[in-house]
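Heads up: the structure comes next, in structure tokens.
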Amino acid sequence: MISLAILASGNGSNAEAIMNFFEQNPSQGSVALVIASNEQAYVLERAKNHGVKSLCISKKMMNSEPDLLRATLADAKIDVVVLAGYMLLIPRDVVAMFPNKIINIHPALLPKFGGKGMYGGNVHNAVIANKETESGITIHFVNEQYDKGDVIFQAKCEVLEDDDADTLAAKIHTLEHKFYPQIINQVIAQL
Ligand code: GAR
């Protein structure tokens with residue numbers, strides 16, 4: 001049985017989809033821990049509603065205690081880390097501890113529209129400003145650089161002329177909620 005930790009910074013709709021999936025399909029993995037990067041993140045409420053242990057580790061906390069994230073994941077005996085709208089860079093020691101066992105989802109077709117500062121609405125605004133006719137999601141392994149690890153899966157959607165950042169975000173979220181839990185399940189099945 002694979003023990004998953006979800007790291008998130010905000011609303012947590014992907015975290016919700018993942019917790020639902022592993023509650024309904026518990027054969028290979030279960031969500032043991034949710035870590036939010038700020039106290040206000042709604043994902044903490046979602047974790048509580050699912051009876052999943054949750055806590056906050058902020059950037060400030062990591063700066064004053066550099067080993068905190070690694071030690072927390074080690075203490076909880078986490079096997080695989082799933083980023084679901086997590087806005088902080090994963091520290092090197094954590095990447096080293098989980099080789100090809102940290103998975104991220106990015107709301108665009110990497111390598112386009114990735115890198116530092118490219119998250120959430122910023123990504124969709126950039127896609128629209130660039131007059132792209134398609135966007136999508138990228139699920140990839142995490143290394144020490146933002147959005148640069150090996151790609152596991154991509155899915156596309158159309159960008160229509162009258163799409164704005166909100167309508168595009170809604171299409172992307174639909175793809176994310178459909179595919180992210182399944183792809184995580186496929187990855188852990190191969191461990
Ligand atoms: C998702 O669209 C995810 O792809 C994106 O943040 C959103 C979080 O939504 N992640 C990034 O932009 C990472 N660079 P959620 O909190 O509702 O799951």
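This chain uses plain numbering: 1 for the first residue, then up along the sequence.
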Are the side chain of [X] and the backbone N or O of [Y] linked by a donor-acceptor pair below 3.5 Å?
| X | Y | result |
| --- | --- | --- |
| T174 | A170 | yes |
| D147 | G115 | yes |
| N122 | M118 | no |
| S9 | M87 | yes |
| D79 | S3 | yes |
| S58 | N38 | no |
| Q154 | L110 | yes |
| R46 | M19 | no |
| N11 | V43 | no |
| N130 | E132 | no |

Measuring from [X]:[atom1] to [Y]:[atom2], what's the distance to the nearest 0.5 Å?
| X | Y | atom1 | atom2 | answer |
| --- | --- | --- | --- | --- |
| H177 | N14 | NE2 | CG | 4.0 Å |
| I103 | I152 | CD1 | CD1 | 5.0 Å |
| D162 | I128 | CG | CD1 | 10.0 Å |
| L33 | K53 | CG | NZ | 6.0 Å |

Decide side chain to side chain contact (heavy atoms under 4.5 Å, CB included) for V80 and V187; before the verdict, give the C-alpha distance in whole Å, the side-chain angles of both, and the deciding distance to 0.1 Å. CA-CA 10 Å; V80 168; V187 169; 5.8 Å; no
Taking all atoms of both residues into account, what is the closest heavy-atom pair of [X] and [Y], and its distance?
| X | Y | result |
| --- | --- | --- |
| L175 | A155 | CD1-O, 3.9 Å |
| S13 | H173 | OG-CD2, 3.5 Å |
| L4 | F22 | CD1-CE1, 3.6 Å |

If you draw a 6.0 Å radius around OH in Y119, do more than 12 non-hydrogen atoms from other residues or ligands fall strictly inside?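 Counting neighbours around OH of Y119, 12 or fewer heavy atoms of other residues, nucleotides or ligands fall under 6.0 Å, so no.
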Flag if over 12 foreign heavy atoms under 6.0 Å of CD, Q182: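 It does: Q182 CD has more than 12 such atoms within range.
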If you measure only the distance, is there a donor-acceptor pair under 3.5 Å linking the side chains of E16 and H50?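 Distance-only check passes for E16 and H50.
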Cut-off 3.5 Å, side chains only: do S135 and H124 have a donor facing an acceptor?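 Checked: S135/H124 side chains show no N/O donor-acceptor pair below 3.5 Å.
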Got a salt bridge between D163 and K171, using NZ or NE/NH1/NH2 to carboxylate O under 4.0 Å?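 The answer is yes: the pair qualifies as a salt bridge.
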